[in-house]
Amino acid sequence: MALLEVKNLGISFGGLRAVDEVNLNIEKGQLYGLIGPNGAGKTTLFNLLTGVYQPTNGTIMLDGVNIVGKNTYEINLAGIGRTFQNIRLFKNMTVLDNVKVALTNREKYSLFSGILRFPLYFKKEKIMNDIARDILAVFNLEQEEDTLASNLPYGKQRKLEIARALATNPKLLLLDEPAAGMNPNETAELMDTIRLIRDKFNITILLIEHDMKLVAGICEEIFVLNFGTELAKGTPEVVLNDPAVITAYLGA
Amino acid sequence: MKLVVNVIEQLINGLGAGSIYALIALGYSMVYGIAKMINFAHGDIIMVGAYALYVFVVLLNLPVVAAVILTIGLCAILGITVERIAYKPLRKAPPLAVLITAIGVSFFLQNAALLIFKSNPIPFKSIVNVNTIKIGSISIRGITAVILVVTFVSMILLTLFINKTKAGRAMRAVSEDKGAAQLMGINVNRTISMTFAIGSALAAIAGILFISQYQSLNPFMGGLPGIKAFVAAVLGGIGSVPGAMLGGVLLGIIESISKAYISSELSDAIVFGVLILVLLLKPSGLLGKNRIEKV
Amino acid sequence: MSTNKQTKLSSNKKAISKTWIVIFKIVLIIAIYVIISSLVRFDILNRQYKALLVPIGVNIILAVSLNVVTGFLGELSLGHAGFMSIGAFTGALFTLNMDMPGTLEFIIAILLGGTIAAIFGFFIGVPALRLRGDYLAIVTLAFGEIIKAIIKFLNLPSGKDAAGNVKMVKGTMGLSGIETYADYTWVYVALVIVIVICANLIKSRHGRIITSIRDNYLAAESIGIHVSRYKILAFVIAAFFAGVAGVISGHNVPIIKPNDYDYNKSIDILVFVVLGGMGSIKGSIIAATVLTVLPEILRPIKDYRMLMYAILLIAMMLFNNSKFRAGLNENKSLAKLTGLLKFGR
């Protein structure tokens, strides 16, 4: 059974079909790329998958359960984590707290344990610190755990956002342009990290990217969206040599 | 039949009170639209207008027309001055900083009036001397009729100004997008000053009508009508000119009807309750624009 | 590996210094109490300043609790006095109509007032789920005024008369004959508890969630946070403590009136929070203390004092956001000197 199965997914804003008749099959443990020209509906598709928008039609099955109609937070609990195109960190919180707050559903204690400082509070806080530091170490952010998120340089902010999403222990991780604004070196490093977390945390990744070369470099399978509908899918070689894809990108 | 007459009279009373709220609400709404701030001191402009009129008419014995014009002019200048001194330096500050400053201005105006005129209410004989008008068996108080006419004329003039003049278009442009308006060669500072002037002038008119109806002045008289007008502006959709008019009139009518038929003590609770209900159903007010956040 | 060891070492050091900080804080809390009580015992404070002790404590509780909603959750509330009012009237009704030993009666009144206020906090938290910013502000203001109007409208049982019949009083008249249980010891204990709870809350899982919602509610949802639940939680906690403050302030004077708790009071509390610094508990404490004492300090200039207060308020806001101030910020030692004036982050 596929991890994520999307059927006939669509949404309209007024008269505009932003996403129309999209079908996706995502298998466990794979790394997928979602590409398409500007305005193709890539981010809208992410917003549909995470419940930020409710689809006009279609179904989204995660591990065999329909998640359409669920709230964003419920979908995260069901196993989808994500990052945002325009970085959305908790800017006035430290790097460590940004990750710890994402561990909140994994390591729980009651309100009273927290305000009265029961032993459980100290125990759980320690566990959270340890997990959070482990995750930060993967992204080379462990030295900056006390920095406010807003004071991080841009590239590290992108990484912290991925770290935060990972901390929720998702089955499927959606990355919205993780390399946007990075220089080629940073991008190459990030791609290594993405491969690494896929293996280390044993998760499935779907990422939006503009740079086709980059997507081709790390993704096992690519979906191409254009005008809200599926234009092509398959292995990088197949997709990038597809005349329809080339036309869409070059706008011929 | 008697009940119908009574209801109609109450509706007209409500319309009168609502007109005053609407005049004040316009100031809140226009300033919010253009400067994105709640001008908490706006209600106190009514009070300043009322005292100014008292000084001109009673203490200086000026003719009524001159006193009214001077009062409106004085409040307009006060509005501009307050904006220049207290709000302009805070254009880039967090909204809460501006809100607290406006609260400070409100305290300042109230306590300045308290210092000059003392806390005892000053009786004031209405400058409006119009007899009660009878239409069939319905009677309308002279002052209410005057309020309705003055408000109606003010609103028509304001609408014409906003829609037909260059300055009015500049105002709309600045409230849509300050940066873009500036790039198009609009003098943003002057437009903001003008908005404060117009808002304060309308508040002055409201103040004049208000004391002509209630015939008594005190330094804190602007507080409650100010808050209610603010509620009216939010009810109609803050930032929207027709919304402020609609909100004010509705609020006046609801208040008057609940005072007459439910309980005068509960009328405030009912007015505020309606506001909460409307906002729950329509979070941006009756005629307000819904802004969707882009994800 | 070596970096791992280093972090462990440094975290050990941190833990040790943390213990010292806790000890220091406990000593500080006791020291302040000793100072205040000796000032009172040895009649060093004059009557006016003594009368300010309870209001200062009440205002600190109010400011710290409002900071939970406005500073940490990031929602503007102009109805905090409404919760205070509920606490004050609930508490006073309880002590007026009960016949228990004073201390017990007052403790129950405090908890009851807080609880009833918290229940209302829940209901005002619900609109907060749909509304934001200025719209929520006006709804909270409306809520406070509704509470005031309803209390005025009700007939309240205000103890028994000589014949043993329950006296009913119109709410507009307020309640009178309340036992003035609240003294500086009561308010000091209460404010220490409230501050400790709020400070612990902020550094706990729930507090982190509340701050994350302020910073970015959508991102908070995306990591599995039930945003609505925690928004309401923040409102309930803040309302509970405002209710507690209400009970205490209601037992500081024998008479309370609904008009004592109108939107002007809410605005006063908001001013404490904003001037003290949004999200700074320390700032709230200092601002509430200074601004409660300030009118008394300005007393020699009599009629001009409220005018001066207004001018100071405007001047402080202008100064905080001026270029001069931004320059000071770059020099950190100077920034510390102007700690009270700290605004936002």
Side-chain angles (χ1 to χ4, degrees), chain A residues 47 50-52 71-84 87-93 97-117 121-122 124-126 128-129 133-134 137 142-143 145 148-150 161 164-165 167-170 174, chain C residues 1-4 6-8 10-12 14-15 18-19 22 68 71-72 74 129 193-230 233-234 236-237 240-241 277-280 344-345:
Chain A
N47 286 336
T50 52
V52 175
N71 293 323
T72 304
Y73 84 93
E74 289 171 321
I75 289 177
N76 175 263
L77 291 177
I80 300 184
R82 74 172 288 186
T83 66
F84 297 87
I87 303 174
R88 287 174 172 270
L89 286 172
F90 306 127
K91 286 188 178 160
N92 297 307
M93 295 169 73
D97 277 352
N98 264 273
V99 180
K100 273 172 84 178
V101 73
L103 292 170
T104 208
N105 290 317
R106 284 168 64 177
E107 299 297 331
K108 291 188 179 182
Y109 54 81
S110 72
L111 179 65
F112 289 99
S113 300
I115 57 182
L116 302 177
R117 294 280 157 101
Y121 164 83
F122 294 100
K124 292 284 184 183
E125 284 289 312
K126 190 179 175 308
M128 279 197 237
N129 283 336
R133 287 187 181 125
D134 282 348
E142 72 272 31
Q143 296 301 322
E145 62 170 58
L148 284 189
S150 56
E161 221 193 3
R164 183 182 68 189
T168 63
N169 215 0
L174 308 178
Chain C
M1 259 295 115
S2 69
T3 54
N4 225 349
Q6 267 171 6
T7 42
K8 253 185 197 156
S10 70
S11 73
N12 267 346
K14 260 189 210 164
K18 264 183 193 163
T19 327
V22 171
V68 171
F72 293 103
L129 306 180
I193 294 173
V194 171
I195 292 170
V196 168
I197 288 180
C198 287
N200 283 352
L201 170 76
I202 295 314
K203 284 192 188 140
S204 75
R205 175 178 161 253
H206 299 80
R208 269 196 299 272
I209 292 174
I210 289 170
T211 1
S212 77
I213 294 170
R214 170 196 68 192
D215 280 5
N216 203 311
Y217 78 96
L218 198 72
E221 277 185 344
S222 84
I223 55 168
I225 288 169
H226 192 348
V227 167
S228 313
R229 181 191 294 165
Y230 289 93
L233 177 73
V236 168
I237 292 172
F240 180 87
F241 292 134
M278 304 268 286
S280 160
R345 243 163 285 262

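The chains referred to below are lettered A, B, ... by the order of the sequence lines, with proteins before strands, and numbering in each begins at 1.
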Can you list the steps and then say if C:I225 with A:V101 is a side chain to side chain contact (heavy atoms under 4.5 Å, CB included)? CA-CA 9 Å; C:I225 288 169; A:V101 73; 3.9 Å; yes

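- Using a 4.5 Å cut-off between heavy atoms, A:T83 does not touch chain C at all.
- With chain C as the partner, the residue from A:M128, A:K100, A:E161 showing the most heavy-atom pairs under 4.5 Å is A:K100.
- Only the side chain of A:T168 has a heavy atom closer than 4.5 Å to any heavy atom of chain C.
- Heavy-atom pairs under 4.5 Å with chain A were tallied for C:A220, C:G207, C:G224, C:A199; the largest tally goes to C:G224.
- At a 4.5 Å heavy-atom cutoff, the contact between C:L233 and chain A is made by side-chain atoms alone.
- Heavy-atom pairs under 4.5 Å with chain C were tallied for A:D97, A:N129, A:N98, A:I80; the largest tally goes to A:D97.
- Annotation: A:F112, atom CZ; neighbour count of heavy atoms from other residues, nucleotides and ligands within 6.0 Å does not exceed 12.
- C:H206 NE2 to A:K108 NZ: the interatomic distance, rounded to the nearest 0.5 Å, is 9.0 Å.
- Tested against C:R205 for a side chain to side chain contact (heavy atoms under 4.5 Å, CB included), the candidates A:L103, A:T104, A:L111 yield a single pass: A:T104.
- No other option in A:K91, A:E107, A:R117 has as many heavy-atom pairs under 4.5 Å with chain C as A:R117.
- Distance NE2/C:H226 to CG/A:N71: 7.0 Å, rounded to 0.5 Å.
- Contact annotation for A:K124: neither backbone nor side-chain heavy atoms come within less than 4.5 Å of a heavy atom of chain C.
- At distances below 3.5 Å, at least one donor-acceptor pair connects side-chain atoms of A:N76 with backbone N or O atoms of C:S222.
- Between A:R164 and C:I223, some side-chain heavy-atom pair lies under the 4.5 Å cut-off.
- Heavy atoms of A:I75 lying under 4.5 Å from chain C are absent altogether.
- The shortest side-chain heavy-atom distance between C:N216 and A:F90 falls under the 4.5 Å cut-off.
- Here the CG-CE distance, from C:D215 to A:M93, works out to 6.5 Å after rounding to the nearest 0.5 Å.
- In this structure, chain C has a heavy atom under 4.5 Å from the side chain of A:N105, while its backbone stays farther away.
- Side chain of C:N200 to main chain of A:L116: no donor-acceptor pair is present (N/O by atom type, distance under 3.5 Å, no hydrogens or angles).
- Contact record, A:G114 with C:S204: CA-CB, 4.0 Å, taken as the closest heavy-atom pair.
- Contacts of A:E125 with chain C are made by side-chain atoms alone, with heavy-atom separations under 4.5 Å and no backbone atom involved.
- If you take CD1 on C:I197 and CD1 on A:I115, they are separated by 5.0 Å, rounding to the nearest 0.5 Å.
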